[in-house]
Number of protein chains: 2
Amino acid sequence: MGRLERHATITDVAALAGVSVGTASKALNGRGSLREETRRRVRDAARQLNFEANAGARNLHSGRTYTVGMITTDTIGRFSIPVLMGAEDALGAGEMSIFLCDGRGDPIREQYYVKTLLSRRVDGIIVTGRRTEARAPIGVGLPVPVVYAFISSADPDDCSVVPDEAGGARKAIDHLLAIGRGRIAHITGPDHHNSARVRAAATTERLAEEGLSLVAPPLFGGWSEAWGGQAAGILLGSGTEFDAVFCGSDQIARGVSDALRAAGRRIPEDVALVGFDNWDVMIEGAKPPLTSVDMNLQGLGRSAAERLLAAINGSPSPGRHALPCHLVVRESTTVPLRSPPASPPGPAGQ
Amino acid sequence: MGRLERHATITDVAALAGVSVGTASKALNGRGSLREETRRRVRDAARQLNFEANAGARNLHSGRTYTVGMITTDTIGRFSIPVLMGAEDALGAGEMSIFLCDGRGDPIREQYYVKTLLSRRVDGIIVTGRRTEARAPIGVGLPVPVVYAFISSADPDDCSVVPDEAGGARKAIDHLLAIGRGRIAHITGPDHHNSARVRAAATTERLAEEGLSLVAPPLFGGWSEAWGGQAAGILLGSGTEFDAVFCGSDQIARGVSDALRAAGRRIPEDVALVGFDNWDVMIEGAKPPLTSVDMNLQGLGRSAAERLLAAINGSPSPGRHALPCHLVVRESTTVPLRSPPASPPGPAGQ
DNA sequence: TTGAAAGCGCTAACAG
DNA sequence: CTGTTAGCGCTTTCAA
């Protein structure tokens with residue numbers, strides 16, 4: 001294998017260029033005042049030796065490492081990825097590097113990660129997870145700032161960036177009301193799950209504001225397609241009339257969609273359907289494609305990283321920060337009029 | 001915020017314990033010979049100051065950083081996650097930390113990441129992606145070992161750990177033949193996609209060994225449910241008789257499943273169905289649950305990390321290493337006899 | 001058993 | 001303009 005023996009050091013570069021290490025350092029970092037010719041010689045030597053300054057040695061002076069740790073409390077998955085990507089963007093894609101640590105729901109493991117991250121002198125830590133539940137802080141009096149993304153810290157003084165799930169649910173209901181649906185059912189996840197409760201409460205509340213209520217109490221169950229199908233069956237069997245179902249997740253919505261169709265109900269003509277998560281795989285698999293609430297996870301990650309950077313630079317933003325969700329309307333709530341207008345290119349509005 | 005001002009240094013510890021830094025170092029690392037009383041004093045001081053040795057400073061001597069970089073060539077997603085987790089396990093969960101870099105399919109970005117990883121003096125690099133295609137090496141003559149996982153390097157001398165997709169396809173066919181299905185169709189992804197081609201070729205080959213052939217040429221299309229449904233329609237419309245469909249992905253299989261059921265075919269009685277990927281979401285959503293080929297991505301990640309560690313320690317394993325896939329049998333190919341026998345707990349066999 | 005000193009790779013004062 | 005020196009936090013000889 002054409003593998004080099006070792007990394008070149010600045011001493012090697014200086015020697016090759018025939019200058020002192022101090023001069024080499026200045027030349028490479030564009031500091032001090034040097035003859036252009038000298039600078040060039042040093043740079044050539046560096047290139048020739050494939051020199052990359054040792055970040056660790058450099059950090060020793062600056063006190064900063066330009067790295068951050070990201071700990072996922074449970075397993076890394078569908079929710080953590082977009083958060084991670086958003087964070088990566090905000091951290092300048094390589095300007096600062098990210099240590100990824102998968103806590104796997106094990107507090108011991110998590111504490112171990114916190115320790116190693118601290119020993120690596122990360123400039124800060126982002127904590128994320130797949131539930132929006134508040135969780136115990138990963139530590140108190142840590143020597144570096146911590147920001148919680150998606151998940152939030154139980155300590156209200158910690159900085160947490162979370163999706164406004166209640167707002168998202170309200171937008172879903174707004175939309176259903178706007179298209180003339182007033183007999184709405186709600187099928188969602190387990191009632192011991194924070195997201196399920198919050199979304200259900202907001203749904204009920206929003207309807208109450210209009211003097212309306214759900215056609216039946218929220219159906220709490222699981223997050224799966226199977227539960228969606230089962231719940232749809234319960235609804236149909238009860239004889240309750242309904243012209244819309246707002247689901248706590250896209251998976252549930254898909255199960256509902258399949259079950260309703262099998263029972264002869266047309267979507268959206270007979271029943272309009274709204275999901276939550278805006279998860280492409282489920283959205284596209286459903287017939288017709290699902291209208292869904294998007295939590296803007298990537299934006300969440302970006303915001304969390306920005307706040308972390310600010311905190312590192314001495315401007316922390318303690319407290320719980322909620323970011324708006326937005327509704328993505330598709331055919332499960334609207335019959336398209338001929339060809340839909342082409343939307344202009346560019347980043348999706350928030 | 002109860003944030004500490006700065007990290008304690010070994011000098012602080014030594015001062016508090018009333019010893020020299022050298023002694024403190026020995027005490028904390030269990031080296032040299034010291035009075036037990038001294039060791040205790042130092043350790044107490046360290047605990048009191050919340051001391052965590054600065055890994056960067058330590059690395060300066062050892063020459064190793066106990067970190068590795070992981071670069072995903074395209075976007076990090078469904079395939080990279082298990083690979084990452086496997087790697088994390090093999091790297092001792094914190095013993096060595098992982099820098100995660102999301103290449104997003106941009107070669108410039110990728111090269112940038114390689115540079116920063118090298119400047120951070122990672123001990124090695126793992127490259128992964130979401131396609132099994134061979135790709136250009138991320139660099140030549142790099143000063144650290146590189147292992148490709150899932151994806152493989154175009155340079156046969158590089159170390160790549162890949163799934164034996166052909167073997168997986170053969171196992172699927174073996175199984176279908178074993179349950180008495182001889183009229184098999186194959187629906188898969190785009191023919192410009194390596195995985196689709198390899199799996200189709202192995203399928204045809206395995207059948208040929210038995211003097212059989214597919215009931216129709218492989219149907220190449222996309223990886224989506226939509227394509228699965230469409231292809232099933234083509235198959236049904238052509239009047240070709242078939243008693244099994246082997247699909248290039250679980251998403252396709254799910255589309256096929258829905259379409260066949262809608263057309264009145266029973267699964268598995270009339271048509272047995274096998275997918276590829278063993279992706280829980282798709283598997284569980286399908287009715288009945290899908291038999292599928294599992295590529296053991298986590299094992300792939302583990303193996304890649306182990307080979308990387310070996311290479312770091314001077315024992316590289318150049319070349320392309322294929323890991324076996326295994327078939328997970330579910331109800332889309334078998335009618336369960338009463339209650340299925342409870343399988344003993346423990347790690348799933350490979 | 002402990003301390004002093006050198007050095008890992010680099011930056012930053014300060015002289016020359 | 002360039003070289004010398006000190007020091008970042010730690011480990012590791014080598015003396016004491």
Side-chain angles (χ1 to χ4, degrees), chain A residues 4-43 45-46 49-67 116 118-123 143-144, chain B residues 4-43 45-46 49-67 116 118-123 143-144:
Chain A
L4 268 57
E5 280 314 301
R6 59 180 202 83
H7 294 270
T9 73
I10 201 172
T11 310
D12 301 328
V13 175
L16 181 60
V19 297
S20 72
V21 292
T23 303
S25 173
K26 282 171 215 151
L28 293 170
N29 297 303
R31 260 185 271 280
S33 52
L34 298 182
R35 234 185 327 164
E36 189 47 44
E37 137 77 2
T38 310
R39 259 184 225 294
R40 203 188 41 65
R41 244 184 26 248
V42 173
R43 271 202 274 263
L49 294 173
N50 247 303
F51 173 78
E52 279 293 339
N54 183 326
R58 192 176 252 168
N59 301 155
L60 227 41
H61 298 267
S62 67
R64 285 190 54 179
T65 56
Y66 297 93
T67 61
T116 66
L118 291 180
S119 82
R120 294 195 188 284
R121 296 294 188 269
V122 292
D123 295 333
V144 298
Chain B
L4 269 57
E5 280 314 301
R6 57 181 202 82
H7 294 270
T9 74
I10 200 172
T11 309
D12 300 330
V13 175
L16 182 60
V19 297
S20 72
V21 292
T23 303
S25 172
K26 283 170 213 152
L28 293 170
N29 297 302
R31 260 185 271 280
S33 52
L34 299 180
R35 233 184 331 162
E36 188 47 44
E37 137 77 2
T38 311
R39 262 186 223 294
R40 202 189 41 66
R41 242 181 29 247
V42 173
R43 271 201 275 265
L49 295 172
N50 247 303
F51 172 76
E52 279 292 339
N54 182 326
R58 190 176 252 169
N59 300 156
L60 228 40
H61 297 268
S62 67
R64 286 190 54 178
T65 56
Y66 297 92
T67 61
T116 66
L118 291 180
S119 82
R120 293 196 189 282
R121 296 295 188 268
V122 292
D123 296 334
V144 298

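Convention: sequence-line order gives letters A, B, ...; per-chain numbering from 1.
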(request) Kindly give the heavy-atom pair with the smallest separation between Ala45(A) and Val13(A), and that separation in Å. (result) CB-O, 3.8 Å
(message) Quick check: do Val144(B) and His7(A) have side-chain heavy atoms less than 4.5 Å from each other?
(response) yes
(request) Over all heavy atoms of both residues, which pair between Arg39(B) and Gly32(B) is shortest? Give the atoms and the distance, please. (result) NH2-O, 3.4 Å
(message) If we ignore hydrogens and angles and just use 3.5 Å, is the side chain of Arg41(B) paired with the main-chain N or O of Ala17(B) as donor and acceptor?
(response) yes
(message) Quick check on contacts: within residues 52-61 of chain B, what sits under 4.0 Å from DNA chain D by heavy-atom distance?
(response) Ala53(B), Asn54(B), Ala57(B), Arg58(B), Leu60(B), His61(B)
(request) Can you tell me the distance, in whole Å, between the CD1 atom of Ile10(A) and the C1' atom of dT4(D)? (result) 15 Å
(message) Just the rounded figure in Å: distance from P of dT2(C) to CZ of Arg41(B).
(response) 8 Å
(request) For residues Asp123(B) and Thr65(B), determine if any side-chain heavy atom of one lies less than 4.5 Å from a side-chain heavy atom of the other. (result) yes
(message) To the closest 0.5 Å, what do you measure between CZ (Arg120(B)) and CD (Glu52(A))?
(response) 11.5 Å
(message) To the closest 0.5 Å, what do you measure between CG (Leu34(A)) and CG (Leu28(A))?
(response) 10.0 Å
(message) Output the rounded distance in Å from NE2 (His7(A)) to C1' (dC8(C)).
(response) 14 Å
(message) Using a 4.0 Å cut-off on heavy atoms, which residues in residues 26-40 of chain B reach DNA chain C? List them by number, or say none.
(response) Lys26(B), Ser33(B), Leu34(B), Arg35(B), Thr38(B)
(message) Is there a side-chain contact between Ser20(A) and the phosphate of dT2(D), meaning an N or O under 4.0 Å from OP1 or OP2?
(response) no
(message) Any side-chain N or O of Thr9(B) below 4.0 angstrom from OP1/OP2 of dG9(D)?
(response) no
(message) I want to check one thing: is the phosphate of dT2(C), taken as OP1 and OP2, less than 4.0 Å away from some side-chain N or O of Thr23(B)?
(response) no
(request) Would you name the heavy atoms of Thr38(A) and Thr23(A) that are closest together and state the gap between them? (result) CG2-CG2, 4.1 Å
(message) Minimum heavy-atom separation for Ala24(A) and Val19(A), please, with both atom names.
(response) N-CG2, 4.1 Å
(request) Return the angle between end axes of the helix from dT1(C)-dA16(D) to dG16(C)-dC1(D), with five pairs used per end and rounding to 10°. (result) 50°
(request) Find out whether Asn59(B) and Asn54(A) are in side-chain contact, i.e. whether some heavy atom of one side chain is under 4.5 Å from a heavy atom of the other. (result) no
(message) Please find the pair of heavy atoms, one from Glu36(A) and one from Arg43(A), that lie closest to each other, and give the distance.
(response) OE2-NH2, 3.9 Å
